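Input: a single structure, listed below in structure tokens.
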Amino acid sequence: MSVAAYDLSVDGQREPQGIVTSPTFSWRLRSADRGSRQLAYRIRVDALLPGGRVRVWESGRVETIETTAARYRGYPLSSSAAYEWTLDIEDATGETSTTTSRFATGIVHPDEWSAAWIGKNPVFRKTAVPPQDTDISFTVNKLQQVRRFVRHFQLDAVPESARVHASARGIYRLYVNGTRVGTDELAPGWTEYRDRITYQSWDVSGLLRVGQNSIAALLGDGWYVGFIGTDRRHQAQHYGKEPALLVQLMLDAEDGGRSVIATDDSWREAPSEIIYADQLMGQYEDSRHEEPDWHLPGSDLEGWSNAVVVDHDHSKLTPEVDPGVRRTLTLPAVSVTEREPRRHIVDFGQNLVGRVSLTVRGQAAGTRIQLNHAEVLDAGELYTANLRTAEPVDVFWTNGAAEQTFEPRFTLHGFRFAEVQGLDGDLDPADISAVVLHNGFDIIGEFASSSPALDRLFRNIEWGLRGNFVSIPTDCPQRDERLGWLADAQVFAPTALAIADVAPLLRRWMRDVRSAQSDDGAFPDIAPHLIHLREGAPAWGDGGVTIPWNIYRATGDDVILRESAESMIAWVRHIERHNTDLIWRNQVGNNYGDWLQVGAETRKDLLATAYFAYSTDLTARSLRVLGRTEEADELESLHARIVEAYRNEFVEADGTVAGDTQGAYLLTLAFDLHADEAERARIANRLVEAVVRAGTTLTAGFVTVGLLCPILAEIGREDLAFQLLHNEQYPSWLYSVKNGATTIWERWDGWSSEGGFQSARMNSFNHYSLGSVGEWFLSGILGIRQSETSAGFRQLALAPRFDPHLDHATGALETPRGRVESSWKRDSNGITWQVTVPPGPAATAQLPCTSDSTITEGGIEISRSTGITVTELGSACTTLQLEPGTYSLQFPVD
Ligand code: RAM
């Protein structure tokens with residue numbers, strides 16, 4: 001078989017629908033042959049126009065092994081059009097394989113927008129909340145009733161193609177002729193609305209017909225109008241008081257003529273059966289007001305009002321550049337317990353983010369069903385104290401139909417348990433399920449082993465990612481917070497990027513981070529930036545530098561560095577300007593330090609200065625990647641001076657680092673804040689002492705704990721790393737697993753058998769930050785790594801670590817160049833390691849055996865295998881070069 005391309009992507013997305021500038025093309029490669037590689041590629045792009053296809057670009061034959069970010073250089077793209085691209089891959093044997101994929105465009109020129117932002121007619125009155133619910137404790141009148149918008153229109157011919165572009169200041173759902181359009185939930189998602197707002201684009205060609213047609217939408221409050229953040233004043237309406245809708249349907253006739261149907265004051269509007277819907281406060285729906293046919297062509301709009309044009313501001317509209325929030329999984333109920341008549345508690349077996357879908361039968365019209373949500377139980381009842389002011393309560397009034405299914409459309413909750421109140425009769429477990437929501441990414445990193453506890457930990461980390469990548473990366477998904485905290489995101493980014501294809505989402509979110517940077521260069525604590533929060537905190541603001549660097553390393557595409565370079569420089573210069581002795585003590589914002597550390601106090605000036613050095617180093621490296629050599633040189637010399645200042649201030653001659661905490665040593669070692677190898681070795685010894693002194697438990701907080709296993713392994717003490725990883729005593733990663741966790745907790749002791757629940761003021765059971773060790777499952781235990789100087793896994797530097805607590809470990813990573821697989825198992829003869837290197841450059845592999853002659857493949861010494869070269873015999877290990885292919889190597893371990 002020749003080399004074949006798969007996972008074709010455009011600007012990092014599979015078949016994106018809203019491209020507006022010259023895109024880039026990427027692909028992954030696979031081959032069953034040893035030594036295979038791409039010799040050259042050729043790309044052709046055709047516009048699929050109503051009259052037929054037209055070639056708009058032909059790359060010609062490009063001789064390269066690169067598979068990432070080949071830039072389109074063809075004719076300018078036109079708006080609202082479909083394109084097909086064909087990729088030929090020529091391999092080293094001269095064979096060619098061909099793959100095709102598609103993309104489509106959004107609105108390329110801002111002046112092609114004609115749609116108005118429309119909203120409710122002010123004469124409209126709200127449907128009253130039924131009197132028995134006036135005790136709802138938050139200010140319902142800050143929330144708007146979800147409304148319906150409809151436009152009927154006549155077509156004399158079915159258009160050859162039809163594409164719709166839509167957005168909301170709020171959240172919306174769109175229908176064409178009664179059929180729901182697109183898969184996005186909570187669209188358009190949360191961005192820094194003061195700067196930009198996303199629109200979605202979809203192909204609706206198949207949905208139109210000759211005669212009467214309809215386009216319709218539901219519009220809710222969302223992040224724009226509703227409650228967000230930790231706002232103790234219960235202040236909703238951060239961006240505006242009322243939601244608005246924008247829709248532009250573009251119809252292309254066979255003869256090339258284009259017509260547009262767009263939101264304006266001819267659209268009709270009316271309230272819906274959803275009395276309010278809010279992300280923190282749940283949804284309240286009275287299905288007695290439901291009109292099932294409202295969105296169909298020719299529906300009766302008697303009593304509806306004309307919508308009102310709010311404005312024509314198109315300046316902030318920006319296409320969707322990553323898959324939006326979707327329904328991704330449905331989990332069945334694991335158990336249903338009747339606590340008392342008309343009150344059931346349902347366990348879905350997994351702490352998740354999404355909502356409940358409930359089917360009810362034979363309920364009298366006007367039965368009030370209430371769903372309450374919680375992550376954990378306390379004495380069999382929902383524990384909700386840790387949700388603070390959030391009220392994840394969905395209310396549903398039945399309309400008397402024989403069967404009704406209720407799934408709230410404009411809210412989401414973080415929960416494992418739901419309480420169903422008011423249902424007359426039994427609750428059949430088959431009638432209730434949990435629908436999981438998060439952004440539409442692919443899972444790219446897999447891990448499984450002989451330890452069920454470790455596997456559960458890895459799954460908990462993955463569930464933390466699922467639960468907190470909902471439009472933006474959040475700290476937690478359940479309480480009145482759910483904010484884009486930069487430190488949480490930056491400590492977790494390497495793990496997130498190793499588990500899922502979240503680079504496009506993080507890249508998009510970095511625009512919010514940059515938008516919130518102060519004029520002085522300080523990055524915010526959170527993005528999008530809510531007015532009442534601050535900026536400039538060490539390790540929080542630094543996310544503005546470390547995340548772009550991590551995205552670049554994971555994808556191999558330098559576009560994120562180009563976008564971020566100026567803001568990175570501004571951040572570093574901001575710290576330097578306010579701290580002329582290069583010890584970062586001024587302009588530290590909220591200065592959280594090594595947040596949630598236990599039994600240790602890493603000095604805040606030390607942590608800050610270490611991060612100052614690190615951000616300066618990464619900014620210099622980024623500039624070097626971009627070819628901005630002079631600026632890179634300048635920052636390198638600044639970096640050298642910061643390291644010197646750091647060493648003078650914090651590092652003693654015997655390697656002791658001020659404060660003598662695990663966190664202090666980890667920062668010093670991870671960020672290379674030493675003079676030479678001898679000093680590094682002394683600091684490493686002190687780290688080992690600090691770990692052993694603590695009884696081989698961790699004391700690092702959430703900023704530094706992710707460094708613990710990688711650094712211990714790197715300094716030759718992987719035994720300690722594995723001991724910490726398998727430790728079940730508090731504080732440890734497996735402590736929560738032992739106590740039944742299905743996600744990563746915010747605190748090591750969110751719940752303990754001795755102390756019960758931690759303080760309800762801050763105790764989330766779904767916070768991904770302490771899951772930052774996840775990346776090491778792949779790079780450490782499975783050894784799927786790239787060299788220090790590599791990006792996009794071009795230079796694989798494989799180095800599995802054979803955890804003595806495990807009999808086997810297996811997994812894979814879909815890297816930008818293709819799938820790397822690594823599995824090892826242990827038996828009495830040693831280790832069998834099965835590894836797959838995808839087409840491209842040879843990988844290096846480091847094995848912990850001292851003689852190459854003891855390494856065999858299928859019983860034969862590797863010196864006789866094709867594709868393997870021994871490059872180095874070290875005192876403790878052997879380094880091999882592996883050409884692309886799959887190998888099964890056997891060797892003894894000491
Ligand atoms: C908490 C957040 C987050 C942390 C900040 C400092 O409220 O949940 O995890 O970054 O505080």
Side-chain angles (χ1 to χ4, degrees), residues 190 227-233 279-280 351 353 375 385-390 414 460-461 463-465 467-496 506 509 512-513 516 522-547 588-598 601-602 604 607-608 611 663 700-706 731 736 741 743-750 757-774:
W190 192 12
F227 291 102
I228 42 178
T230 45
D231 205 327
R232 290 193 188 90
R233 294 163 293 150
Q279 310 212 13
L280 295 185
N351 195 16
V353 174
E375 297 181 287
N386 68 328
L387 306 180
R388 306 197 299 219
T389 64
N460 291 1
I461 294 169
W463 274 103
L465 187 151
N468 286 294
F469 276 70
V470 179
S471 197
I472 60 156
T474 59
D475 59 331
C476 60
Q478 71 298 80
R479 68 184 179 214
D480 59 350
E481 186 141 10
R482 314 185 192 185
L483 295 172
W485 283 96
L486 263 70
D488 305 49
Q490 74 107 349
V491 299
F492 191 64
T495 296
L506 287 174
W509 178 65
D512 296 340
V513 172
F523 281 121
D525 293 2
I526 60 154
H529 195 226
L530 296 187
I531 301 301
H532 59 282
L533 288 162
R534 293 181 66 188
E535 72 259 319
W540 269 249
D542 291 287
V545 174
T546 65
I547 297 170
V588 284
N590 282 329
N591 208 11
Y592 306 98
D594 198 4
W595 193 243
L596 297 179
Q597 56 201 319
V598 270
E601 191 63 42
T602 293
K604 287 184 174 172
L607 179 140
Y611 259 96
F702 99 20
V703 174
T704 60
V705 76
S736 63
T743 36
I744 300 295
W745 295 351
E746 178 175 24
R747 314 178 79 128
W748 298 112
D749 57 349
F757 290 107
Q758 252 286 2
S759 160
R761 285 177 48 225
M762 211 187 84
N763 195 23
S764 142
F765 290 96
N766 196 355
H767 238 73
Y768 51 48
S769 357
L770 296 181
S772 53
V773 67

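Not measured: the values here are computed from a predicted model. We count ligands from 1, going down the list as the structure has it; atoms in each ligand are counted the same way.
Using a 4.0 Å cut-off to heavy atoms of Glu746, the atoms of ligand 1 that qualify are 8 (O). Each of the atoms 6 (C), 10 (O) of ligand 1 lies under 4.0 Å from some heavy atom of Trp540. Listed by number with element, the atoms of ligand 1 under 4.0 Å from a non-hydrogen atom of Phe702 are 9 (O), 10 (O).
Listed for the Asn468 side chain is a donor-acceptor partner under 3.5 Å among the backbone atoms of Cys476. With hydrogens and angles ignored, the 3.5 Å screen pairs a side-chain donor or acceptor of Asn351 with a backbone N or O of Phe765.
Among protein heavy atoms, atom 11 (O) of ligand 1 sits closest to Trp595 CZ2, 3.6 Å. The closest protein non-hydrogen atom to atom 4 (C) of ligand 1 is Asp488 OD1, 3.6 Å. Glu481 OE2, 2.8 Å is the protein heavy atom nearest to atom 7 (O) of ligand 1.
For Arg479, the heavy-atom gap to ligand 1 drops under 4.0 angstrom.
Asp749 meets the salt bridge (Lys or Arg N to Asp or Glu O under 4.0 Å) test with no other residue; sequence neighbours excluded.
Of the polar atoms of Asp475, at least one N or O is found under 3.5 Å from an N or O of ligand 1, judged by distance alone.
Relative ring orientation between Trp540 and Tyr592 is described as tilted, the plane-to-plane angle lying within the 30° to 60° band. Ring planes of Trp595 and Phe702: perpendicular class, angle over 60° (limits at 30 and 60°).
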Next item on the list: Test side chain to side chain donor-acceptor pair (under 3.5 Å) on Glu375 and Asn386 and set out the steps.
Entry: CA-CA 9 Å; Glu375 297 181 287; Asn386 68 328; 3.2 Å; yes
